[in-house]
There are 2 protein chains.
Amino acid sequence: MVLPRFAVIKDYLYQQIESGQWLPGAAVPSENQLAEQFSVSRMTARRALTELTQVGLLTRSQGAGTQVAEQLPTGALLEIRNIADEIAERGHQHRADVLALNEVLCPATIAQQLGLVPDTAVFFSRIRHLEVDRHGQATAIQLEERYVIKAIAPGYLEQDFSRQTPSAYLSAISPLSEADHWVEAVMPSAAVQDWLSLSAETPCLKLSRRTSSVRLGKVKKQQQIVNFAILYHPGDKYRLGGHLVTGV
Amino acid sequence: MVLPRFAVIKDYLYQQIESGQWLPGAAVPSENQLAEQFSVSRMTARRALTELTQVGLLTRSQGAGTQVAEQLPTGALLEIRNIADEIAERGHQHRADVLALNEVLCPATIAQQLGLVPDTAVFFSRIRHLEVDRHGQATAIQLEERYVIKAIAPGYLEQDFSRQTPSAYLSAISPLSEADHWVEAVMPSAAVQDWLSLSAETPCLKLSRRTSSVRLGKVKKQQQIVNFAILYHPGDKYRLGGHLVTGV
DNA sequence: AAGTGGTCTAGACCACTTG
DNA sequence: AAGTGGTCTAGACCACTTG
């Protein structure tokens with residue numbers, strides 16, 4: 001197995017750091033030093049340094065040099081999957097019941113998230129997502145409540161969300177987006193219990209998400225809040241899973 | 001504001017995709033075509049393509065060309081922060097009470113996570129993390145139960161975990177690591193209620209994490225499971241927050 | 001056979017930080 | 001003033017996919 005030259009240098013740097021030979025904050029050889037040491041061009045040495053910087057192992061600054069990054073295991077990441085994909089991956093069927101799809105006056109708490117004044121008219125959808133197994137047994141695993149800025153998706157109320165999820169529809173409309181989200185453990189309200197067929201003692205995983213559409217300008221980034229969604233999951237039937245480098 | 005040439009090309013490609021002019025799966029101009037179109041060298045055009053590929057906007061394959069990536073908003077990410085950092089960021093004090101620090105015979109459920117046979121001896125720690133505000137008011141926000149492979153950290157039982165978190169200690173010992181984790185909503189057991197001073201009706205956010213130490217070999221990656229941790233958080237006093245591109 | 005992306009070179013000029 | 005990283009060029013050779 002022949003590694004490209006830049007990969008050989010990456011390996012070398014990686015080993016020095018992983019083994020603890022180079023501690024966080026330590027100076028790393030410069031592009032020119034590595035180029036000479038490995039008999040490659042500066043561009044090749046540079047590539048090794050750049051790629052390790054991109055994954056967070058090194059920090060670089062013009063004029064000052066390259067260092068081993070501080071505090072590698074700062075934060076781990078949890079992946080939030082699309083509910084329909086997740087179900088499909090388990091080889092099960094996804095079914096969506098549209099419980100509500102209308103225009104509402106935005107409650108104050110939601111208005112705050114959307115950057116609107118309370119009682120502004122917004123589109124609202126409430127959808128129950130069910131997982132149907134091979135025997136036809138259906139289990140409710142997510143209740144989705146979504147508030148959408150009207151101007152963003154004028155045709156929202158005309159969609160058939162039992163066929164395409166609101167998420168898929170909105171993605172198609174504003175392809176690239178940015179999201180803030182957070183997770184809490186809550187006891188379900190009587191209404192949520194009813195919609196998800198839960199007992200009063202089952203806690204829920206509540207995922208809140210605010211999405212913005214992003215447009216990269218020449219100078220600055222323009223953001224436009226698109227929607228706010230609250231996703232409830234039965235605590236005993238759903239997990240948010242993840243996998244990523246770093247974190248103990 | 002003068003953008004570097006590769007950034008101008010990135011902007012152009014980004015706009016084509018963001019505006020929907022180029023749909024997922026569509027062919028993107030080749031390196032040579034872009035080089036000519038923007039009057040730059042192939043390496044510069046290549047850089048624009050490479051960087052957009054790294055963030056997942058494009059897919060490339062040797063011989064076949066470059067395409068707009070399918071299913072951009074596939075999964076969002078949630079960041080899991082280190083509890084001590086999080087508290088410090090809010091300008092509060094972190095306090096850790098070591099409730100247990102000893103050697104135990106590994107319960108079957110934990111053994112399965114660690115890849116051990118049940119009843120193997122492992123190190124165990126149970127720590128209560130508290131947030132102390134400006135008025136000296138302390139609130140328990142995390143109960144950490146951790147099972148550590150003995151060979152990985154022989155000195156584990158001698159550490160003072162009220163001063164340095166187990167996470168920080170283990171990071172120092174095996175600098176680079178990889179983790180699987182998942183989040184659930186659960187009702188706390190009587191013991192957990194007691195340790196976190198919770199009422200019986202408060203649900204908990206339960207974060208489970210299995211960490212492996214990783215060594216990149218020339219040919220394959222070697223993994224070594226390091227520890228398994230369960231972190232309980234009061235549902236009404238704690239949120240897992242995140243922010244990242246993609247996802248509606 | 002022609003075109004694509006992947007690797008690599010030996011130069012260049014620049015902005016920046018450091019002694 | 002010397003060294004660093006950031007950008008860029010005009011070439012080269014290669015493995016690979018496609019008509």
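Lettering follows sequence order; numbering is per chain, from 1.
Contact footprint of chain B on DNA chain D: nucleotides with an atom under 4.0 Å from a non-hydrogen protein atom, first to last in 5' to 3' order, D:dT7 to D:dT17.
In this structure, A:R60 pairs ionically with A:E31, as a charged nitrogen and a carboxylate oxygen lie closer than 4.0 Å.
A distance of 6.5 Å separates CG of A:D133 from OG1 of A:T139, quoted to the nearest 0.5 Å.
A heavy-atom distance below 4.0 Å to DNA chain C is reached by these residues of residues 32-45 of chain B, ordered by number: B:N32, B:Q33, B:R42, B:M43.
Nearest-nucleotide positions on DNA chain C place A:F6 closer to the 5' end than the other of A:F6 and A:G63. Checking B:A7 against A:T66, the closest nucleotide of DNA chain D that is more toward the 5' end is the one next to A:T66.
With a cut-off of 3.5 Å on both pairing distances, the Watson-Crick and G-U wobble pairs of DNA chain D assemble into stems of 3 or more at C:1-18 with D:1-18.
Ring pair B:Y156/B:F161: centre-to-centre distance below 6.0 Å.
Judged by the 6.0 Å and 45° rule, A:R210 forms no cation-pi pair with A:F228.
Shown here for A:Y14 and A:L52, the closest heavy-atom pair between the two residues is N-CD1, 4.4 Å.
Under a 3.5 Å cut-off, the side chain of A:H233 and the backbone N or O of A:L205 do form a donor-acceptor pair. A distance-only check finds a donor-acceptor pair linking the side chain of A:Q33 to the backbone of A:S30 [under 3.5 Å]. In terms of modelled atom types and a separation under 3.5 Å, the side chain of A:T50 and the main chain of A:R46 share a donor-acceptor contact.
For A:H94 and A:E131, the side-chain atoms include no donor-acceptor pair closer than 3.5 Å. Defined by atom type and a distance below 3.5 Å, a donor-acceptor pair is present between the side-chain atoms of A:S162 and A:D160.
Within the nucleic acid shown, A:R5 comes within 4.0 Å of sugar-phosphate atoms alone, with no base atom in reach, counting heavy atoms only.
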